[in-house]
Amino acid sequence: MPYIRVTVSGPALSPARRSALAEGLTALAVSALGKSAARTTVQVDPVPAGHYFVAGRPVTGATGAHVEVSITAGTNSADEKARFITETYALLRETLGVLPPVAGVALYELHPESYGYNGVTQLDHYRRVAHAAPDGTLVDSN
């Protein structure tokens, strides 16, 4: 259940670029991290160029970008996370063009007791899945 927020500087992003980022990041969550596309949320936050700084100076001649991803702790290996970071950077370059020297990707691993959606923690979600029959109905564990 990743929540992905990408902050991008510069002139207003076209709907096509916003869609390309959302679709590309969702596809990477599936392919690199093994997440469900149906449970992946992407938020694209454009900020004015004058509001994005590297080394204390506004970014010029490039599009500033930073991606933050919330995932459940312990659900991905170091190799999977490294692949996601590498491929996300490539997606940013492909979609946005020239990037500043620092275009970051951060994976935040949240404990399953402290992370959830629709009012259910990930821990409770995992418990429910563990007690579900193949048809999806809950099985009495007693």
Inset, instruction - With rounding to the nearest 0.5 Å, note down the distance linking CD1 in I4 to CG in L28. - result: 8.0 Å
Inset, instruction - Report yes or no: do V30 and L107 belong to one cluster of Ile/Leu/Val/Met/Phe/Trp/Tyr joined by side chain heavy-atom distances under 4.5 Å? - result: no
Legend entry - Under 3.5 Å donor-acceptor, N76 side chain and L33 backbone: yes
Inset, instruction - For E80 and S77, indicate whether the former's side chain and the latter's backbone hold a donor-acceptor pair under 3.5 Å. - result: yes
Legend entry - Side-chain donor-acceptor contact under 3.5 Å, T26 with K35: no
Inset, instruction - Consider only side-chain heavy atoms of I, L, V, M, F, W and Y, link residues closer than 4.5 Å, and tell whether L92 and Y3 are in one cluster. - result: no
Legend entry - pair V98-T63: side-chain heavy atoms closer than 4.5 Å: no
Legend entry - Heavy-atom closest contact (P100 atom, V54 atom, distance): CB-CG2, 4.3 Å
Inset, instruction - Enter the distance from F84:CZ to D79:CG here, rounded to the nearest 0.5 Å. - result: 15.5 Å
Inset, instruction - Looking only at non-hydrogen atoms, find the nearest pair between S9 and P48 and report the distance. - result: CB-O, 4.5 Å
Legend entry - Single-linkage hydrophobic cluster V42~M1, side-chain heavy atoms < 4.5 angstrom: no
Legend entry - Nearest non-hydrogen partners of R83 and S31, listed with the distance: NH1-O, 2.9 Å
Legend entry - Heavy-atom side-chain proximity of Y108 to V69 below 4.5 angstrom: no
Legend entry - hydrophobic_cluster_shared for V59 and L13, side chain cutoff 4.5 Å: no
Inset, instruction - Return yes if some donor-acceptor pair links the side-chain N/O of S114 with the main-chain N/O of L110 below 3.5 Å, else return no. - result: no
Legend entry - Pairwise distance CZ(R39) to CD(Q122) - rounded to 0.5 angstrom: 5.0 Å
Legend entry - Non-hydrogen side-chain atoms of L25 and T88 separated by less than 4.5 Å: yes
Inset, instruction - Provide the closest heavy-atom pair for E109 versus T72 in the form atom of the first, atom of the second, distance. - result: OE2-O, 4.4 Å
Inset, instruction - Work out which heavy atom in L99 is nearest to a heavy atom in Y89; give both atom names and the distance. - result: CD1-CE1, 3.6 Å
Inset, instruction - Evaluate the side-chain proximity of L91 to L96: yes if any heavy-atom separation is below 4.5 Å, no if none is. - result: no
Inset, instruction - Quick one: closest heavy-atom pair of Y52 and G64, and the distance? - result: CE2-CA, 3.4 Å
Legend entry - Pairwise side-chain contact, V8 with D45, heavy-atom cut-off 4.5 Å (strictly under): no
